[in-house]
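Written below as structure tokens is the structure these notes are about.
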Amino acid sequence: MRSVRRVNAALTNLTAARFYSARHAPRSEFAADAEKLPHQEPEVSKLPNGLVIASLENYSPTSKIGVFIKAGSRYESSSNLGITHALRLAANLTTKGVSSFKITRGIEAVGGSLSVTSTRENMIYTVECMRDYVDTVMEYLINVTAAQEFRPWELSELPPKLRLDNAVASQNTQLGVLENLHAAAYRNALSNPLYCPDFMIGQHTTEQLHHFVQSNFTTGRMALVGLGVSHSVLKQVGEHYLNMRSGTGVAGAPAKFRGGGHVTDETDVTNMRGGLSYLRQFVNCVPTGEIRDQKSGPLVHAAVVAESAATGSPEALAFGVLQQVLAAGPYVKRGSNVSSKLYQAALKKNTGPFEVSFASIVKHLFQSAFATFNFVLQHNLTNRFQHSMPVTLIPGCLASTLSRNLLLQVIQSRLR
């Protein structure tokens, strides 16, 4: 019995020790050293060959480096449609310097990762690893972006992967809506899909891939961005290893929007009132393109879009404020955005369960949304609302930088 009491007393003392306040615990040497680290601002430089380099030292134990290339699907032509999708899957194939096996084995050996994503504007090659192995993964990043080889017998393995990607993408309804929106809104360039069409699978030859890379993977169209890495290291990489193809490459065709209106005059958008004046000019711009994709599912996904401002432009701030007014999305997972004007308008038209009754009231919801959108643009907002919306917009922008992937893209978007 005494031994049992001794064990219980020992466990009680151990449990009580674990619940001591953290402020009474001794501070480690590492915490003291971390406080001495100075705040670093982003560094940006442009090399004579046109390559833009940007870095941000955030003292993270891991480093993330990305190569952004203006070689998205908008630069495809009718003869090589879907070639960026093929390049995305061919990123880990054998290059002039390393084999496909060495790329996979070498990156995994240091606990790193290599990812390739593409948008309609850019191809993005990204590596992530511990700070001590930056030199190792940079070797593979240079090879997959500047020393491609595209061996025919390796390309023959891509068609099944392309079909698998297309099959997975077809199950994503939101992705299908965005693809159809671009096809309806633009006549060329931005109307090109992100995924390779079925009739083009297996049609991309080694010569076509090399020609696309030679025309678009040039230093004048590249940006090297790093997080948690020294700017001098990135600068050395750009000067010695990413200068194989200099110049600006082949200029892409300008995108032709199918909307019914065009804004030519310049409007001051430094304040909320000027921003709304700019936005009012889009009210009568009715898109002429329309696509209807019939599905057998129980849900209806519909969207109406109009041409907006480019990211990073002064007009983009006005559209950001408008987004906060109309519908910025819920701030809580699976929550509702009760402050949204569009959400309030939808609740007035919908009295039943939303998932069940949406298909039958889609016409009334669209009419209510258009009326709300027109009301916001045609009527000046109160001073209180004008000042509160930018305040909510700024924290949303700052919160997006908490993600390393988004922060990398934000830095790149400010370079051009």
Side-chain angles (χ1 to χ4, degrees), residues 70-85 88 117-122 162 165-201 252-264 278-311 313 315-316 318-320 322-323 326-327 329 342 345-346 358-359 361-374 376-377:
K70 293 180 64 176
S73 61
R74 69 170 300 171
Y75 300 101
E76 297 174 351
S77 63
S78 58
S79 60
N80 61 6
L81 203 62
I83 197 170
T84 55
H85 188 187
R88 211 159 63 226
T117 57
S118 65
T119 64
R120 286 177 167 80
E121 296 286 347
N122 299 315
L162 292 169
D165 275 4
N166 289 351
V168 173
S170 64
Q171 303 301 317
N172 190 332
T173 309
Q174 288 78 12
L175 179 61
V177 171
L178 291 177
E179 290 290 287
N180 288 333
L181 280 176
H182 282 85
Y186 294 93
R187 298 181 183 274
N188 63 340
L190 292 177
S191 65
N192 294 338
L194 293 176
Y195 291 85
C196 180
D198 293 336
F199 65 89
M200 289 297 294
I201 294 179
K256 298 179 181 179
F257 185 67
R258 293 183 179 181
H262 181 66
V263 177
T264 56
Y278 178 83
L279 293 172
R280 290 193 192 100
Q281 302 175 64
F282 288 86
V283 174
N284 296 325
C285 298
V286 181
T288 57
E290 177 181 321
I291 288 182
R292 300 190 181 189
D293 190 6
Q294 303 296 335
K295 298 289 185 179
S296 58
L299 301 179
V300 175
H301 294 77
V304 177
V305 300
E307 189 177 26
S308 180
T311 302
S313 63
E315 294 82 5
F319 283 97
L322 178 65
Q323 180 187 16
L326 293 177
L342 291 181
F358 178 77
I361 65 167
V362 61
K363 177 180 178 181
H364 302 290
L365 283 178
F366 265 111
Q367 291 176 348
S368 178
F370 282 129
T372 303
F373 178 72
N374 191 30
V376 171
L377 294 185

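Heads up: numbering here begins at 1 and tracks the sequence. Being a predicted model, the structure only gives us computed values, none of them experimental.
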Item to complete: With Ser73 as reference, evaluate Asn122, Leu194, Thr119, Ile83 under the side chain to side chain contact (heavy atoms under 4.5 Å, CB included) test and give the passing residue.
Response: Leu194
Discussion item. So, taking the atom named SG in Cys196 and the one named CG in Asn80, what distance separates them when rounded to the nearest 0.5 Å?
Written reply: 10.0 Å
Worksheet item: Taking atom CG of Leu162 and atom CE of Met200, what is their separation to the nearest 0.5 Å?
Response: 11.0 Å
Worksheet, complete the sentence: Heavy-atom nearest pair, Ala169 first then Leu175, reads CB-CD2, 3.6 Å
Worksheet item: Could you give the distance from NE2 (His85) to CG (Asn166), rounded to the nearest 0.5 Å?
Response: 6.0 Å
Fill in: Shortest non-hydrogen contact from Leu81 toward Pro197
CD2-CG, 3.7 Å
Worksheet item: How long is the gap from CZ on Arg74 to OH on Tyr186, to the nearest 0.5 Å?
Response: 8.5 Å
Worksheet item: When you look at Tyr75 and Asn192, which way does the side chain to side chain contact (heavy atoms under 4.5 Å, CB included) test go after all the steps?
Response: CA-CA 9 Å; Tyr75 300 101; Asn192 294 338; over 6 Å; no
Discussion item. To check you understand the geometry: which heavy-atom pair defines the closest contact between Ala167 and Ser170, and what is its length?
Written reply: O-OG, 2.6 Å
Worksheet item: Quick check: does any side chain N or O of Glu76 sit under 3.5 Å from a backbone N or O of Thr84, one acting as donor and the other as acceptor?
Response: yes
Discussion item. Test of understanding: with side-chain contact (heavy atoms from CB on, under 4.5 Å), list the residues that count as partners of Ser118, not counting sequence neighbours.
Written reply: Arg88, Met123
Discussion item. Gln174: which residues meet the side-chain contact (heavy atoms from CB on, under 4.5 Å) condition with it, sequence neighbours left out?
Written reply: Asn172, His301
